[in-house]
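Atoms within a ligand are numbered from 1 in the order they appear, just like the ligands themselves.
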Amino acid sequence: MNFDKEAFKTSIRTRLKRNYGKHLEEANKHDIYDAVSASVMEYIQTNWMATRKTYEEKPCRQMYYLSAEFLMGRALSNNLINFGIMKEVKEVLDELNFDYTSIEEEEPDAGLGNGGLGRLAACFLDSLATLDYPGHGYGIRYQYGMFEQRIENGYQVEYPDNWLKHRDPWEVKRSDLAVKVIFGGTPTAKNVSGGHVAFRIEGGEVITATPYDVPVVGFDTKTVNRLRLWEASSDDGFDLQLFNDMHYNRAVERQNSAENISRVLYPNDSGPSGKALRLKQQYFFSSASLQDLLAKYKRDHGEDLSKFAEYNVIQLNDTHPVVAIPELMRLLIDEHYMGWDDAWAVVTKTFAYTNHTILAEALEKWPIDIFQGLLPRIYQIVEEINRRFVTQLREKFPEDWQRQNRMSIIAEGKIHMAWLAIVGSFSVNGVAALHTELLKGVELKDWYELFPAKFNNKTNGVTQRRWLASANPKLSAFITKKIGHGWEKDLSQLKKLEKYADDDATLDEFMAIKRENKVELARYLKETQNVFIDPDSIFDVQIKRLHEYKRQLLNILHVMYLYRRILEDPTYQCAPRTFIFGAKAASGYRRAKSIIKLINAVGDRVNNDHRVKGKLRVVFLENYRVSLAEKIFPASDVSEQISTAGKEASGTGNMKFMINGAVTVGTLDGANIEIVEEAGEENAFIFGLTAEEIQAIESGHKYNPQEYLARNPGLASVLNQLVDGSLGADTAGIFRELYESLVFGIEGQRPDVYYVLADFGAYAEAHERLEQAYRDQRRWAKMAFLNVARSGKFSSDRTIEDYVRDIWKLEKVVVK
Ligand code: 26Q
């Protein structure tokens, strides 16, 4: 595009005057961020309108990604890169005497997600727009996103993330498209001609859903798709009578109750909370989104909805939006007077479901009383779906009562949302090869036997525009110098780098870039968190949500093990290492919080012990989030992907490390398997029990962690430090709990549920191999370099092409 610098400057000045009544000279950094963003938005709008017009002129099949989470992070850099005006805007700011980096830092992260699942949704939107597919997001405009984490006295403390404190320059409020969503009330049969039975809801709480649209800018294309986020409010929420009678709180009760629905993201990435408000959130955005789609369909095609599924496909991001299945039935039957069978035919051609977890405790089940109280009509419909489904099951497995019970959508007082998802969708997919195989063979075995054709795998990916082009400009320039442009939209081109894998000059340059990125991260951490790290040490990094199955505990126990070794043998020679952690724990997850405290306690101990002499450092970075991740991946040497085999559905951080040239230490879990398959086993450090071995142990009930302690005195001694008070007296209690959970099992659990002790020896040994490899700098450089060259598969562009081909069946629509 032709970018007029002077016009852009004028635009910035105009906005400063209009929005803040300020001259350029009076503007602070935030004002500039806002004015620049608003000016960029002006350009985006042109393409956005053109895209909308293109989609409208010739109605085409479109995909809608329904997700309770979109972890978008910051928009400015991404939009400038995708729009192709980064260089120009930087120059403009330079000329106005502002530094781009510090302006960029003014933008709060849009942290509307917990972790992997939410960030995957964001990467998918980027790829869809870049590849010119008509695919859009629907979600919730949480007023407060993922909490801000501070570490106080080594403990995690949560603070609200008031990301909308200033206005968000990237959103457009569409009050004209607001819809109503009803909770509670009484379903009442109404008379409809033609013999159909339809219901209306009498009474109930009426919530207004107002959409805010955020543009999703494709890279090097005119396509701008849409993320539509719903905000909850009440139209008659303020009672003036009560206010006049000085009942100030009661006067706004209804307003608050409505607004609470989109108030805050549940900071829980691993399990149903069972809270009514969470179900309200799910129904709220599912219903609003479907009403929006039906209204559009009727504008384009008239009242006959029988062909709805030809033009719309809805991807359900885990079970969180699965209530959309009965809701679409309700809308078709009660509001559009379709018969059950016709409606069901539409529904089961519209929905596709992605599963993101095999942790049994994470599968959503809603207690009937909560569900029926909030959604009485939807409950009736779920009952009818289940009645018909169970009838079908009986025909297929007449005598198999157990199977019928296991598969009933409603059982033991609960509604099983994953079962509802499978029954109501035409596709069910896992997110990495192993994960899908485990779904088919174990977790969803009954379902695979019933509906084999629905099951398919879609290995996750990440967008190289954000995670390489934007996050790592130095490596990007280097890549482009070597192989030219093209990788930005076709990551498989990175394989052209392979021919330099034995070229010393290339490897030196590659490693020099890694070092510059390490220096830059060290500088940033010193400035923002007053944390010191040494760029001459190995940056060994584990950044992800804190969860027992991800085994941050294995990592920190190994650090304690190394520390002990250094103290026991002062002559012990090793490459200096910095172990970097970043992780948020769900607010109510006590054990995860204890692990954070342990990491910090070990850090205090190790970092302040002069005997360690720089050989070892442990840092826990506060408030891990997308914008911090963008600074860490490019500076990492080692990627810790050490989940218990079979537990991590895919992982996506593992891919971000790989494309930035970090070497994986990992188990054969999730997408790690595919990562080493691509990189070559010799270019990763794989260790530990396989999923199959763990299955065998579990079916034989023969795991005794004490055996591992008996065999490894070093490990026993490390574990002992958890309970001998050496990590600080105040923590004896919580570390004892960690100890006992590993060694004996507490609270009715098996000991060491996640096989930390079973894998410890192999993990320590993998680290020894790693250290050996690192000492040979050239060998290390080649390993890291080949990881980059072979990371092409892990672009979300590839993932999206897989979804398009197998599930969505979209055509590209090029905006002129
Ligand atoms: C459910 C009910 C109530 C409250 C919260 C939740 C909830 C919220 C978020 C449950 C799960 C999540 C998020 C799960 C998640 O992020 N899963 C990850 O998805 C990634 C993308 O597919 C995978 O790469 C990871 O392996 C998987 O852990």
Side-chain angles (χ1 to χ4, degrees), residues 65 67-71 111-124 139-140 142 145-147 264-283 315-323 353-367 370 414-418 421 429-436 438-439 457-463 543-551 583-584 586-589 626 641-657 666-667 669-675 794 796 799 803:
Y65 203 77
S67 178
E69 308 192 359
F70 286 92
L71 225 188
L112 309 186
N114 271 286
L117 162 151
R119 183 54 231 176
L120 185 74
C123 284
F124 281 5
I140 299 172
Y142 299 106
M146 187 62 204
F147 66 76
V264 60
L265 170 80
Y266 273 85
N268 186 341
D269 73 334
S270 60
S273 62
K275 297 270 176 21
L277 184 59
R278 170 83 182 173
L279 179 58
K280 273 187 147 182
Q281 292 185 334
Q282 297 183 345
Y283 181 70
Q315 192 70 36
L316 300 167
N317 201 19
D318 215 289
T319 51
H320 316 156
V322 162
V323 69
Y353 158 64
T354 304
N355 175 290
H356 296 265
T357 182
I358 21 193
L359 298 184
E361 68 267 27
L363 293 178
E364 287 193 288
K365 294 179 199 143
W366 289 108
I370 292 182
K414 291 188 171 133
I415 303 160
H416 205 310
M417 300 308 277
N429 76 281
V431 290
L434 172 69
H435 171 56
T436 302
L438 290 172
L439 291 178
N457 176 247
K458 295 288 167 283
T459 297
N460 284 166
V462 303
T463 169
I543 43 177
K544 49 179 80 248
R545 287 301 292 264
L546 201 312
H547 200 291
E548 285 168 277
Y549 83 78
K550 296 178 188 282
R551 299 201 294 192
K584 286 177 180 174
S587 333
Y589 193 170
V626 171
Q641 307 300 334
I642 59 178
S643 52
T644 312
K647 298 292 184 199
E648 187 70 271
S650 163
T652 45
N654 46 5
M655 303 168 185
K656 295 163 197 168
F657 278 110
T667 48
D669 197 16
N672 298 353
I673 296 177
E674 292 158 79
I675 285 176
F794 303 104
S796 46
T799 312
Y803 275 92

For residues 112-121, run the donor-acceptor check on the side chains, cut-off 3.5 Å, and write out each pair with its distance to 0.1 Å, sequence neighbours left out.
{"from": "N114", "atom 1": "OD1", "to": "N268", "atom 2": "N", "distance (Å)": "3.1"}
{"from": "N114", "atom 1": "OD1", "to": "R545", "atom 2": "NH1", "distance (Å)": "2.6"}
{"from": "N114", "atom 1": "ND2", "to": "E69", "atom 2": "OE2", "distance (Å)": "2.7"}
{"from": "N114", "atom 1": "ND2", "to": "Y266", "atom 2": "O", "distance (Å)": "3.0"}
{"from": "N114", "atom 1": "ND2", "to": "N268", "atom 2": "O", "distance (Å)": "3.4"}
{"from": "R119", "atom 1": "NH1", "to": "L71", "atom 2": "O", "distance (Å)": "3.1"}
{"from": "R119", "atom 1": "NH1", "to": "M72", "atom 2": "O", "distance (Å)": "3.3"}

| said: Taking a cutoff of less than 4.0 Å between a non-hydrogen atom of the residue and any ligand atom, is E69 in contact with ligand 1? | reply: yes
| What atoms of ligand 1 come closer than 4.0 angstrom to any heavy atom of A649? | 26 (O)
| query | So which heavy atom on I642 is nearest to which on K550, and how close? | reply | CG1-O, 3.6 Å
| message | Tell me which one of E648, K544, Q641 satisfies side chain to side chain contact (heavy atoms under 4.5 Å, CB included) with N654. | response | Q641
| Are V431 and ligand 1 in contact, using a heavy-atom cut-off of under 4.0 Å? | yes
| request: Heavy-atom distances under 4.0 Å are what count here, so tell me which part of T357 touches ligand 1: side chain, backbone, both or neither. | output: neither
| message | Out of G651, G116, S67, who is nearest to atom 23 (C) of ligand 1 when you count heavy atoms only? | response | G651
| Of all the heavy atoms in A362, does at least one lie under 4.0 Å from an atom in ligand 1? | no
| request: Give a yes-or-no answer on whether the side chains of N460 and T652 include a donor-acceptor pair shorter than 3.5 Å. | output: no
| Side chains of N317 and T354: is there a donor and an acceptor less than 3.5 Å apart? | no
| request: Kindly confirm or rule out an N or O of L117 lying under 3.5 angstrom from an N or O of ligand 1. | output: yes
| said: Just to be sure I'm reading this right: ignoring hydrogens, which of R545, M655, E648, K647 gets closest to atom 25 (C) of ligand 1? Compare them by their nearest heavy atoms. | reply: E648
| message | How close do A432 and A649 get, counting heavy atoms only, and between which atoms? | response | CB-O, 3.4 Å
| field | Taking every non-hydrogen atom, the tightest pair across W366 and L279 | value | CH2-N, 3.6 Å
| task | Check if Y549 has a non-hydrogen atom at a distance under 4.0 Å from any atom of ligand 1. | result | yes
| field | Close approach of H320 to ligand 1, heavy atoms, under 4.0 angstrom | value | yes
| Is H356 touching ligand 1 with its side chain, its backbone, both, or neither, if touching means heavy atoms under 4.0 Å apart? | both
